[in-house]
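In listed order, ligands and their atoms are each counted from 1.
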Amino acid sequence: MKIVVTGSRGMLGSVLAARLITAGHAVLPIDLPERDLLDFPAVAAYLHAQRPDFIYNCAAFTNVDLCETEEAKARAVNALVPGQLADLAAELDIPVLQISTDYVFSGSGIRPYLPEDLPAPLSAYGRTKAEGEALAQKAPRHFIVRTAWLYGHNGKNFVETIIALAKTKPELKIVDDQRGAPTFVDDLVESLLLFLECSEYGIYHFTNSGETTWCGFAKEFLRLTGSGVRVLPCATAEFPRPARRPAYSVLDLDKTRSMLKIKIPDWPDAVARYCKGRR
Ligand SMILES: NC(=O)c1ccc[n+]([C@@H]2O[C@H](COP(=O)([O-])OP(=O)(O)OC[C@H]3O[C@@H](n4cnc5c(N)ncnc54)[C@H](OP(=O)(O)O)[C@@H]3O)[C@@H](O)[C@H]2O)c1
């Protein structure tokens, strides 16, 4: 198949593009600086000429705190572009898969969020991604895949930030009152490939299984990498940030398991594989 991957230089898009090529597909990569999704007429002309079979939209304005002060730009990338890609997918009569986030939810829930639960974002990032979900649904054949707490071998992420910090300090305070599920990009990518053969359109969730806090997650990968740093659990309130984060954003995975017929690796298993493969 001929497959569009937007955000093809990003943490997720780069791994997805490489994996699709390994699987024998042709990839049309779209990322800055060569191709700017905000110049959508140029992108549309290119894709009309190329006639792809499937679109993965992994491009996004992902700096959650910066979105608070640059909401107009965040909205252009995270909301309006998914709408334009949905229209294009409709014109080309192909499916489009929009990557979304647990941050569309408020985090006041007491059970894992279901795909059909209504978004109620707390931040500008969450608002723009939720609008992007709504606009992506203009495509008759759309998938929306919400994920969370991503880390992978190709990009800045929490795991590498904390491992680097641990080398410079005897102890680290890490937030212990936000619960979610860390997600290894490689595992997400394997599930994304399965949507090429799926015709049950709609909203899905993919994270690694289980749940923890940022502190619980950090303790595990610091242990695995042999760090001697002392980890001190702390409250979100001790680290005020511009954007509010959901306190509880575990995503229910049952629909994904049953529709894609997959077992989803637990987060400790995933982070152990990640640590083994670190360069
Ligand atoms: N990271 C997480 O923890 C997380 C959690 C849940 C959901 N997600 C979602 O997962 C997806 C992938 O995230 P990621 O972590 O891989 O993000 P990322 O590393 O920031 O990658 C996004 C890519 O999109 C590109 N991009 C931004 N604006 C563009 C434009 N106007 N035209 C073309 N390309 C543009 C970025 O380029 P520049 O770097 O040059 O701007 C970057 O290469 C996003 O939809 C994100 O919302 C991420």
**Message:** If the cut-off is 4.0 Å to any non-hydrogen atom of Thr147, which atoms of ligand 1 fall inside it?
**Reply:** 6 (C), 7 (C)

**Request:** Give the numbers and elements of all ligand 1 atoms closer than 4.0 Å to a heavy atom of Ile99.
**Result:** 9 (C), 10 (O), 11 (C), 45 (O)

Pairing of [X] and [Y] as salt bridge, 4.0 angstrom limit:
| X | Y | result |
| --- | --- | --- |
| Asp65 | Arg245 | yes |
| Glu160 | Arg278 | yes |
| Lys219 | Asp176 | no |
| Arg273 | Asp186 | no |

Hey, is [X] one of the residues with a heavy atom under 4.0 angstrom from ligand 1?
| X | value |
| --- | --- |
| Tyr125 | yes |
| Arg146 | no |
| Cys58 | yes |

Would you say [X] and ligand 1 have an N/O pair spaced under 3.5 Å apart?
| X | value |
| --- | --- |
| Arg9 | no |
| Asp36 | yes |
| Gly13 | no |
| Phe61 | no |
| Ala59 | no |

On a heavy-atom basis, I'd like to know which of [options] is closest to [atom].
| atom | options | value |
| --- | --- | --- |
| atom 37 (O) of ligand 1 | Val43, Asp31, Asn78 | Asp31 |
| atom 29 (C) of ligand 1 | Val104, Val15, Leu32 | Leu32 |
| atom 27 (C) of ligand 1 | Ser100, Gly7, Ala60 | Ala60 |

**Message:** Looking at Arg127, I want to see if its CZ is surrounded by more than 12 non-hydrogen atoms of other residues, nucleotides or ligands under 6.0 Å.
**Reply:** yes

**Asked** When the ring planes of His205 and Phe105 are compared, do they come out parallel, tilted or perpendicular, using 30° and 60° as the limits?
**Response** perpendicular

**Prompt:** Phe184 vs Tyr274 aromatic rings, parallel, tilted or perpendicular, using cut-offs 30° and 60°?
**Reply:** perpendicular

**Request:** Pick one of side chain, backbone, both or neither for how Leu12 approaches ligand 1, counting any non-hydrogen atom pair under 4.0 Å.
**Result:** both

**Message:** My question is simple, although I want it checked carefully: is atom 39 (O) of ligand 1 less than 4.0 angstrom from any protein heavy atom?
**Reply:** no

**Distance from atom 3 (O) of ligand 1 to nearest protein heavy atom, with residue and atom** = Leu150 N, 3.0 Å

**Request:** Just need the protein heavy atom nearest to atom 19 (O) of ligand 1, so name the residue and atom and give the distance.
**Result:** Met11 N, 2.9 Å

**Request:** Sort and list the pairs that fulfil salt bridge (Lys or Arg N to Asp or Glu O under 4.0 Å) and have at least one residue in residues 31-44, not counting sequence neighbours.
**Result:** Arg9-Glu34

**Asked** With a 3.5 Å cut-off and no angle check, do the side chains of Ser209 and Arg257 form a donor-acceptor pair?
**Response** yes

**Item:** Centroid-centroid distance, Phe195 to Phe206, less than 6.0 Å
**Value:** no

